[in-house]
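Inspection log for the structure reproduced underneath, given as structure tokens.
Each chain gets a letter, A, B and so on, in the order its sequence line appears, and its residues count up from 1. This structure is a prediction, so every number in the text was calculated from the model and none was measured.
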Protein chains: 2
Amino acid sequence: MAQAAVPYWRAHNRDTPPTMTDPTSGFDLETFLPYLLNQAAEATSHGFQTVYRDRYGFTRTQWRVLANLGKFGAMTARDICAISHIEKTKVSRAVAALEQGGMLSRTPSETDRRAEVLSLTGKGRTVFAELGSLAVGFDRQLRETLGPEKAETLVTLLRRLIGGAPATDGLDD
Amino acid sequence: MAQAAVPYWRAHNRDTPPTMTDPTSGFDLETFLPYLLNQAAEATSHGFQTVYRDRYGFTRTQWRVLANLGKFGAMTARDICAISHIEKTKVSRAVAALEQGGMLSRTPSETDRRAEVLSLTGKGRTVFAELGSLAVGFDRQLRETLGPEKAETLVTLLRRLIGGAPATDGLDD
DNA sequence: TTGACTTGGTTGCATCCGCAACTATAAACC
DNA sequence: GGTTTATAGTTGCGGATGCAACCAAGTCAA
């Protein structure tokens, strides 16, 4: 029950309290993690989205696929799915669009004729470098909102949620 | 740089390291907050989404609007936008769908003839109560993944990101 | 009052997404 | 081998979304 000092809704432009009837269940929307995570994701992604949308017409998924390829190097669509937890159809379409835009190229896998190895083209790497450096600045701003240790903590907690790992995995406190 | 023990990609079903070329910029996708937040939001929301989708055919936005009305009581669409940070067109359509389904009713505002006060019907409250109690259980599971204090910390940090508040607002540590 | 501007809310349209179905290849089992 | 099952990736289609344009009502000021 930390931080109940600012009544939350007061921070926004209501001037009457939302009456807060909460009829029965002990459900508390204000601390419901999926809800908060969605809001935070939307809030933080929206700002950076305008950058890659306005500059390159990328969709969010396209940017993410590009970023994965830029960060980790050539790999198959399946690998991107596994690493990024993006649905395979989204990846498929993003790859098609990025290829269309000359950002990446496909080469058939030598070990699996179903799979194709995806790698950024020179243009793709250039674009990734530019967006990457912009992303660094954007991320720094977000972290300043939290403070450096808090930001690290957040990263750890998010990873744990993403991986679905149990709480008893070493680091606690 | 906490928690580099498990190489991240190894947790997923790759067996070759993604080569990790990261050409130039210091951009680190693995700690990029918008990216992690999106993954976490997607991962945590997806599970519960099946609950309200299968039971009531709700979309995520519809569930969220219902939850806000259930939690805070009657208010206008504008208030929902302000509190939840959902785009107003999304809210508009969700409200229409919920009304269509008999979950809420609109009454013209007495102070502003443009606005309509939205309130859950009896059916809406019933549905909210059921989904709310399911949500409680779902949230508890997520929190067990993190541990109670960590979960509280996460809530605090997410709120700060959502509100865009500066780091110097009282509580630190 | 009039007029300029803001704001609550909806709608058109293009796009994106989710899910299921599908093709083609690989693996597993006999 | 041959048969069954699993996997990499694409596509069709209905539905959800984002953005801009819009309408109607409120606000502010002369």
Mutual orientation of the aromatic rings belonging to A:Trp63 and A:Tyr52 [parallel < 30°, tilted 30-60°, perpendicular > 60°]: parallel
Rounded distance [0.5 Å steps], CD in B:Glu30 versus CG in B:Leu36: 9.0 Å
A:Glu130 and A:Tyr56: side chain donor to acceptor below 3.5 Å: yes
Distance test, side-chain N/O of B:Ser92 to OP1/OP2 of C:dT10, below 4.0 Å: yes
Sugar-phosphate, base or nothing in reach of A:Ser109, heavy atoms under 4.0 Å: nothing
Atom-pair distance (CG on B:Leu98; C1' on C:dG9), nearest Å: 16 Å
Produce the list of close N/O pairs, under 3.5 Å, pairing protein atoms with atoms of nucleotides 22-26 of chain D; give distances to one decimal.
from   : atom 1 : to       : atom 2 : distance (Å)
D:dG26 : OP1    : B:Arg113 : N      : 3.0
D:dG26 : OP2    : B:Arg113 : NH2    : 3.2

Nearest-Å distance for atom pair CZ/P, residues A:Arg64 and C:dC16: 15 Å
Residue B:Thr89, side-chain atoms from C-beta onward, closest of C:dG9, D:dA20, D:dT10: D:dA20
Interatomic distance where OH belongs to A:Tyr52 and C1' belongs to C:dC16 [whole Å]: 13 Å
Between B:Ser109 and B:Asp112, a side-chain donor and acceptor under 3.5 Å: no
B:Ile80 side chain reached by B:Met75 side chain, heavy atoms, under 4.5 Å: yes
Residue met sooner reading DNA chain C from 5', once B:His46 and A:Gln62 are mapped to nucleotides: A:Gln62
Interatomic distance, B:Lys90 NZ vs C:dT11 P [rounded to whole Å]: 18 Å
Distance in angstrom units between B:Arg53 CZ and C:dC17 P, rounded: 17 Å
Side chain proximity check, B:Leu154 to A:Leu161, heavy atoms < 4.5 angstrom: yes
B:Asn68 and A:Tyr35: side chain donor to acceptor below 3.5 Å: yes
Value in whole Å for how far the P atom of D:dA16 lies from CH2 of B:Trp63: 18 Å
Atom-pair distance (CD on B:Glu116; P on C:dT10), nearest Å: 6 Å
Spacing between A:Glu110 atom CD and C:dT25 atom P, to the nearest angstrom: 17 Å
First of B:Arg60 and A:Leu118 reached from the 5' end of DNA chain D, by closest nucleotide: A:Leu118
Sugar-phosphate only, base, or nothing, as touched by A:Arg93 at under 4.0 Å among non-hydrogen atoms: base
5'-most by nearest nucleotide on DNA chain D - A:Arg106 or A:Glu42: A:Arg106
